[in-house]
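Accompanying notes for the structure given below.
In what follows, every chain begins at residue 1, and chains take the letters A, B, ... in the order their sequences are listed.
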Amino acid sequence: MAKDKKKKPSKELPLGFVDRQEKELLIRDFVISNIKEVMIKYGFQYLETPSFEYTDSIGKFLPDKDRPDQGVFSFKDENKWLSLRYDLTAPLARYVAKNYLEIPKPFKRYQLGSVWRNEKPGPGRFREFLQFDADYVGTKNLQADAELCVLISEILEKCGLDKTDYTVKISSRKFTDKLFKELNVTSQDQISITLRALDKIDRLGWEEAKKLLGEGRKDNSGDYTKGAKLKEEQIKKIEDALKNKLANSEDVIEIIKIFKTYNFENYKFDPSVIRGLEYYTGPIFEVNLNFEVRNSKGKNIQFGSIGGGGRYDNLVSNFGNLDCPATGISIGIDRLVFALMQKKDFKIKNKRPIVICVFDKDKIKEYVQILTTLRASNISSEIYPGEGKLKKQMEYANKIGSPAVILYGEDEIKSGKITLRNLVTGNENSVKINDLTNEIKKIF
RNA sequence: GCAGCAGUAGCUCAGUUGGUUAGAGCACUAGUUUGUGGAACUAGGGGUCGGUGGUUCGAAUCCACCCUGCUGUACCA
């Protein structure tokens, strides 16, 4: 006897990973089909790169540690470290460097794929998520940057958002570089802390973020964050620069000019847009939603941006002596879907099958005949796949959301007619076999 | 990573001076209805009380550590 109680495997999922159900997947499919349509229209190539890359190829140079988990999932294969990609931009840079001579310049490609981040998940943020990424590689032309913003907004509107629902914010590294020069701030440490603080203005408000420019800030949980320790007058100048909202870096001015030619107006210059510190070199963009998003408990949450990007003129050259400027934008598809599900009441056409009830297993031939007829007319249908009484079959059909059930038992076979029960109204119709598909089409 | 709160059935939760065999609603299964779902009634199944260790005659309840979730915060290519 099995007296030694075996330890059962856990039915829980690893931290930050989720099962996704049909409703979400159908909306995701809808979003993806909109993306593909727009990308084809804008002339981008479709590309796919693998999930794993050599760790150093995607910008992680690992210290000699057993487990390189600085935000990425990694393992050692033979003697080389591999990592799951954490975005689609770094693999693109690797791809371009590898295929530099063959690809057209400029190179426009888009990609859809899962990325993985080994970090703390939050509302609508997981450790595995689907990302969309579009890039222009090999051009300094700022029309590329402008067009990325235009294209992203076309995608969002195709997905059902209004102009008031989202804003594309733009700024530039050049703007902050200039600012630091004026302020005479040269310490890399101070610059980093200041940039991070600016990035937080949206969330914390100016007054709180200001503390991070000075001594530091204690948050609600009691945690203390060290500040940039800037002088009063320096902070004042930053405040003025932010409040003026004057785009005085040439690249942003140029992009805004291009926006006008596209009649694109749903942008906002916002110097508090910072993005990652590592590789952006010029214009940066961020897409923000303007409506409230709730978590599973109905509470409003800080949702943050659903995507962003910018110019990274040095990334490709990391792989060699290639002078290859580039610019790109990404969207977190799952986060967009999470928000969309709350914003719009999607009428998803998930056609559930008509269920043909089984009265008598010996009559399977007749059932398959009906089934074949329905499927030939492209009507989603199935013979009840389980075993059990009619009641159980009805309960099944009800549960899966089937629009109707076909009853074909002894009585029907005798009279040569099929009973069609509409599960929404509860009405039953006796129909001739030849009329069945037409009757069913009326229900859909 | 740091901090606050939480974890009892598939789900939502009740259950304190620590005391027999741990409860409810919904869901599930079977029946009332041998060919009829979404209502009702009856019966039934289902829990290592997040985990491990400790205190105690006795722990869902007290203590320690850990895991997981939520919220904020830090980092985020």
Side-chain angles (χ1 to χ4, degrees), chain A residues 5-8 10-18 53 55 57-61 69-72 83-93 115-125 127 131 133 192-193 195-197 199-200 203-204 208 212 216-227 274-280 295-302 304-305 308-310 312 315 318 328 330 332 355 357-360 384 388-413 419-428:
Chain A
K5 47 178 178 182
K6 259 197 208 153
K7 213 178 189 178
K8 287 178 187 159
S10 170
K11 57 192 178 217
E12 302 308 321
L13 287 167
L15 173 68
F17 290 84
V18 283
E53 297 269 353
T55 302
S57 302
I58 52 172
K60 286 287 163 188
F61 300 91
D69 55 359
Q70 311 230 342
V72 296
S83 295
L84 278 168
R85 63 187 176 205
Y86 54 80
D87 72 2
L88 298 175
T89 312
L92 171 67
V115 302
W116 294 265
R117 295 187 185 183
N118 191 358
E119 63 191 14
K120 193 204 130 182
R125 290 178 78 110
R127 297 209 293 176
Q131 200 172 60
D133 188 83
S192 298
I193 295 176
L195 288 176
R196 287 191 197 116
D199 201 24
K200 285 165 198 156
R203 197 152 37 87
L204 305 176
E208 287 301 307
L212 289 167
R217 171 178 179 266
K218 197 169 164 184
D219 65 52
N220 293 335
S221 66
D223 205 29
Y224 188 78
T225 311
K226 224 175 67 184
I274 301 297
R275 306 296 298 169
L277 270 44
E278 295 275 331
Y279 62 52
Y280 291 120
N295 67 6
S296 56
K297 286 175 183 157
K299 214 174 135 192
N300 282 334
I301 50 173
Q302 293 277 1
S305 72
Y312 50 99
L315 194 59
N318 279 344
S330 305
V355 175
C357 293
V358 176
F359 288 84
D360 182 350
Y384 175 67
K389 293 190 276 195
L390 188 57
K391 183 183 162 89
K392 206 171 162 190
Q393 303 190 27
M394 297 293 292
E395 282 169 354
Y396 166 79
N398 185 51
K399 182 115 190 187
I400 64 169
S402 169
V405 130
I406 284 172
L407 304 171
Y408 196 58
E410 236 176 290
D411 302 347
E412 284 84 357
I413 291 174
T419 301
L420 181 65
R421 183 180 174 93
N422 183 323
L423 286 181
V424 180
T425 62
N427 291 337
E428 262 175 29

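Taking a pair to require two hydrogen-bonding distances under 3.5 Å in either a Watson-Crick or a G-U wobble arrangement, B/rU17 remains unpaired. Judged by Watson-Crick or G-U wobble contacts below 3.5 Å, the nucleotide B/rA24 has B/rU12 as its partner. For B/rG53, the paired base is B/rC63 (Watson-Crick or G-U wobble, both distances below 3.5 Å). For B/rG1, the paired nucleotide is B/rU73, the pair qualifying as Watson-Crick or G-U wobble because both relevant distances are below 3.5 Å. In this structure, B/rA40 forms a base pair with B/rU32, meeting either the Watson-Crick or the G-U wobble geometry with both donor-acceptor distances under 3.5 Å.
Donor-acceptor pairing under 3.5 Å, judged by distance alone, is present between the side chain of A/E428 and the base of B/rU36. Applying the 3.5 Å distance criterion, the base of B/rG35 shares a donor-acceptor pair with the side chain of A/E412. Not a single donor-acceptor pair, N or O on each side, falls under 3.5 Å between the base of B/rG31 and the side chain of A/K391. Contact annotation: side chain of A/N398 to base of B/rG37, donor-acceptor pair present below 3.5 Å.
When each of A/G426 and A/K399 is assigned the nucleotide of RNA chain B bearing its nearest heavy atom, the one mapping closer to the 5' terminus is A/K399. Where A/K389 and A/G409 meet RNA chain B, the nucleotide closest to each residue was compared, and A/K389 sits on the side nearer the 5' end.
With centroids closer than 5.5 Å and planes inclined by less than 30 degrees as the test, A/F359 and the base of B/rG35 fail to qualify as a stacked pair.
Between B/rU20 and B/rC57, the distance separating the two C1' atoms is 14 Å to the nearest Å. Rounded to a whole angstrom, the distance from the C1' atom of B/rU17 to that of B/rA64 is 23 Å. With P as the reference atom, B/rA60 and B/rG54 are 15 Å apart, rounded to whole Å.
Judged purely by atom type and a 3.5 angstrom limit, A/Q393 uses its side chain to pair as donor or acceptor with the backbone of A/G388.
Within 4.0 Å (heavy atoms only), A/V115 reaches no atom of the nucleic acid at all. Nucleic acid contact class of A/K200 (heavy atoms, under 4.0 Å, all strands): sugar-phosphate only. Residue contacts for A/L315: at a heavy-atom cut-off of 4.0 Å it reaches no nucleic acid atom on any strand shown.
Side-chain nitrogen and oxygen atoms of A/R196 include at least one within less than 4.0 Å of the OP1 or OP2 phosphate oxygen of B/rC75. For A/R203, a side-chain nitrogen or oxygen approaches OP1 or OP2 of B/rU73 to under 4.0 Å.
In the model, A/E428 has no side-chain atom that pairs as donor or acceptor with a side-chain atom of A/T419 under 3.5 Å.
With a 6.0 Å radius and a threshold of 12 heavy atoms from other residues, nucleotides or ligands, A/E410 has its CD atom at or below the threshold.
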